[in-house]
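Just below is one structure, and these are the notes that go with it.
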Amino acid sequence: MQAAGVVFLMSLLVFSGVFLIGDPVEMLIAEDAEESDREMVKRNLGLDQPYYVQYLRFVAAALRGNLGDSFVFEEPALLLILDRMPATFELAIFALLLAIVIGIPLGMWAGLKPESISARTIMTSSILGFSLPTFWVGIMMIMLFAVVLGWLPSTGRGPTQSFLGLQVSFLSMEGWSHLILPAVNLALFKLSLVIRLARAGTREVMHQDYIKFARAKGVSRSRIILVHVLKNILIPVVTVLGLEFGGLVAFSVVTETVFAWPGMGRLLIESISTLDRPVIVAYLMIIVLLFVLINLVVDVLYSVLDPRVRLTDVKG
Amino acid sequence: MNRFLTRAALGAIAAIFISSAAMADNATLGIRTEPSSIDPHFHNLGPNNGMLGQIFGRLVEWSPDMRTLIPRLATSWKAINDTTWEFKLRTGVKFHDGSDFTADDVVFSFNRADNYVGGNSGFRTYTKGKTVKKIDDHTIHISTKAPYPLMPNDMATVLILSSDAKGTGEKDKNFGVSARDFNNGSATIGTGPYKFVEWKKGDRIVLEKYAGYKGPLAQPWDKMTFKFIKSEPSRVSALLAGDVDLIDNVPAEDIATLKKNNKVTLSQGVSSRVMYLHMDQFRDQSPFVTDKNGKPLDKNPLRDPRVRKALSLMIDRASIVKNVMSGVAIPAGQFLPEGFFGRSQKLKPDPYDPAAAKKLLAEAGWGDGFGLTIHGPNDRYVNDAKICEAIGQMFSANGIPTKVVTMPGNVFFKRANGGPKSDPEFSLILVGWGSGTGEPSSPLKALLATYDNAKGLGAANRGRHSDPALDKLLVQALTMVDDTKRGALLAQATELAIGKNYGIIPLHYQVNTWASRKGLKYQARADERSIGINLIKDK
Amino acid sequence: MTTLNDAATDSLEHGATAKAVAVETPFRRFLADYCESKLSVVSFGVVVGILLIAIFAPWLAPTDPYDLSTVTVQDKTLPLGAVMGSGQIAYLGTDGAGRDMLSAIIYGLRISLIVGVGSGVVALLIGVSLGLIAAYAGGKVDTLIMRLVDIQLSFPAILIALVLLATLGKGIDKTIIALIVVQWAYYARTVRGSALVERRKEYIESAICLALPKRRIVFSHLLPNVLAPIIVVGTMQTAHAISLEATLSFLGLGLPQTEPSLGSLIAKGFDYVHSGHYWISTYPGIALLLTIVSINLVGDRLRDVLNPRLQK
């Protein structure tokens, strides 16, 4: 219900904005086209109608599941976006995994030995991690790893294979080599977040009574850390990261622009510059839907990981 | 050590790939702008015309420098009377599906282009008012109402597809073949040297050599992959990292560095695009012309040709070319660079002469100067915003305090164009014009002919320049079939409109730069297209 | 997130310092806490320095980079220490339009801060007011405001800013508006959270019992006690806003060409990455980095020091 409201507001806002700001026809039309051609293109796109007629037409079609054809490609906007979604999701998922796999151990280390030099270094670097603008880091990475060292390809997605009906690139070495730089670039910001969450969680959990009991019982230190602490810090990490996945998808706009990654983020930027309204609106609607879904998944995961649920298990 | 191992390992993997592909000769091209469709009649846009010209044929083709027309699907053409042209078609040409190319396909393609529904401004400008008639399988006649000398030039635009093309679109719309049928390849059957393999939107287009090709174009590669890399530094990185063999639109800033790089070959070519200033010549009070303190003026100095000439003399074109364009541009005094048809031999780029400018301004009664705002796009032409800034600096330094406002093209052109119901909004703008027909009648018609929506004249006359003498000359030139006389008329019209009246102020011709890895060379194209068949091995 | 252990040692130490320092006010205590970390002191110094530079930019910058009658393309991409046409030395070189880099950075810093702090302050005012209203009024008003906050926060800031700028167009005012819209919800949520905690405390309850006017309760009692988290969120958000503006400028949607912020300077310098004119993007990059990192370090330390669990 809430989501529906958001969708409605967003569509209205974007519709009016694009209507006011510029004319998509000017971006599409050949420069030597005559006024009559211009009028014809306008008519074909329905842009000759008054604003409210355009909007009502859009709403009527949207209710039937048709978000309109892209002005630029004259293909359904929805399909254009879905076509590019696997690339963005692949990137975002790998960035998320990177953030978790690297971030949690680092954060736990910093949480276990808060006063050590290594922990301080980790924490200061994490501030650096969310201070550095993503685009700047991206181009520096290209310079270093692709141009100077020549280890990895600079841009693009590489070959893709079919996996569960989707086109993915992580099944081949070459695909991996294309994936690694943009994924690290995208992960950097979230990595800092994970480190901070894991550290805070570790420090809090280490002082809980049950850890003290476990210690008193003589449970080994590694078991305490790996089983008890890790499980408990996973709760906030999963919650926050679940929500942040949407953020990753959105932030991939920047990474995709730098690395020429053919995802939906770049489609959005390009659609904004050509004022391809149907694509912009459809993108936003898909994102809203995505967020609703993510919230649902996080809720489910949360109940699985909830300590109270597990405590009753232990008792049983 | 580590680094060495990694390299060795990557090298080994690469070797496996290379050995399996050693027989094939493949090229990868890093291109800035992706085509918007594979449908040949969908969008009259540079990237589309370039890409699709490799898959589909045209009757006539431009040489890369746009100075001569080459016979492609037509082997010869001539005007058989005042209003009819005859084109002889090449025999033995086969489409990618094996069927024969005949006059029927030409008639079909013309009708589809002329009646195209949807799309983003197709080729109607070139098909309008022309009737195509099949005489026999390899002869067609194209007739017009009035004499039409530019017929061969126009035939270098429309792409020919098979009249057997089947699609999934609505029956009565575009003969049932929709853009989507081309984009997924099912209807993409041409006569060009390359066959369509796939289009991954936002990523790449792959083409493959057509073994049965017959025609004048070269087939230097077995397979060509076009990768679309919009970000300028990323595109340069891709070349330096060896991921692509060629990049287009090399940023001017990087040319000096790339020149020193012995792994890279640069190719440059003058484009048919001129950058120019257009001034408000129709309003008595122009919205962005003020006095020196920014207060509105009750008179519009830009209506006086002397003031326009003075502005032209204040522009240091050499400095713009050297400092803004990093040397890759040529100062301009008219629409087209050296060597093009219909050019004036008299017009030279104005020198930088602030003293003469001051004198002219004083003569016109504006010795104290006035305030201006220059508007321009920031994402449309090479260094567009930077050119605006430089011009703002030059005007300001010479007593015309100038504000610089740049904006994305989609906003800029809507405001700059105006239309039947509204006037162009700005007082002084920076724009560019690439002459698709390779001679000055197209810019004269679009930029300086009196604005007339019904006749399709002055469609891009954003300053609403209007001169009856010019309009008369132009009509004469447009219907003059004799080449020599037409050339002279066009030169005369240019001298009147630019040289005398300063309807526009030409700045420079763009020079386009391609960079390829050592061992390859790009045959630079004046039409700015980046196509694989012009990427050749350098001996 | 400080632990019991830390709190214990802290209070021990402060027991000791309390003897040495005659009077211990909360502010002095806060100051002493803050200064325990040298890095934090240095970063605070940097922040103050940057603010001063931004405020006094017209007097500090060697040239006015926005005055088109003095800037000329003849001076473009001069290296460090070169002499410009006007005789002025370009200590950090010049950019592609012939602007003195040092002046451009100083003015750019100013614009970045105007955008960051300006949007931050307005967002803070809006957010804090709405947060307080929500906390104090409760009921339907609270639900409505918090529903809005939830919706807003469930979308990534960059996406909202992108859409807003795509519909509003370019410009400093529009960028500020977009950043306000992006930020206010953080303040509202923070303030409401802390205010709800405070509200249940005795001093507010007694104030309510005394029938003090609502406005007075909210502004004289509630507000000062929720200031700490506002300050922390405020510093972090300012850094975030500056970084976001830079990103938007990079994507071509932020500020106009002729009056660049640090972000747009870097984005422009991005074109010169391969050309060897490293100074065009490097120095604005360093200035941006210094600004954001030091603001974040200050914010981080403030959070540790102002942690409510440490306050008695």
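Just so you know, these numbers use all the heavy atoms, side chains as well, and skip hydrogens, waters and symmetry mates. Convention: sequence-line order gives letters A, B, ...; per-chain numbering from 1.
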Query raised in the report: Quick one: is the NZ or CZ of A/R266 closer than 6.0 Å to the six-membered ring centre of A/F259, and within 45° of its axis?
Result: no

**Report entry** Part of A/I272 lying under 4.5 Å from any heavy atom of chain B
**Finding:** backbone

Requested in this report: Using salt bridge (charged side-chain N to carboxylate O under 4.0 Å, His left out) as the criterion, list what pairs up with B/D245, not counting sequence neighbours.
Outcome: B/R517

Report task. Between chain A and each of B/V236, B/N183, B/L447, B/V431, count heavy-atom pairs under 4.5 Å; write down the option with the most. Result -> B/N183

Query raised in the report: Based on non-hydrogen pairs under 4.5 Å, which of B/G458, B/A238, B/S231, B/S37 is most in contact with chain A?
Result: B/A238

Report summary line: In short, salt bridge (charged side-chain N to carboxylate O under 4.0 Å, His left out) pairs touching residues 69-82 of chain A with sequence neighbours left out are A/E75-B/K201

**Report entry** Salt-bridge criterion met for B/E232 and B/R32 (N-O under 4.0 Å)
**Finding:** yes

Requested in this report: Give the member of B/G242, B/A241, B/P443 that has the highest number of heavy-atom pairs under 4.5 Å with chain A.
Outcome: B/A241

Report task. For the pair B/S435 (side chain) and B/E439 (backbone), establish whether a donor and an acceptor sit closer than 3.5 Å, ignoring hydrogens and angles. Result -> yes

**Report entry** Heavy-atom proximity to chain A below 4.5 Å, by part of B/L240
**Finding:** side chain

Query - Region of B/F42 that comes under 4.5 Å of a non-hydrogen atom in chain A - result: side chain

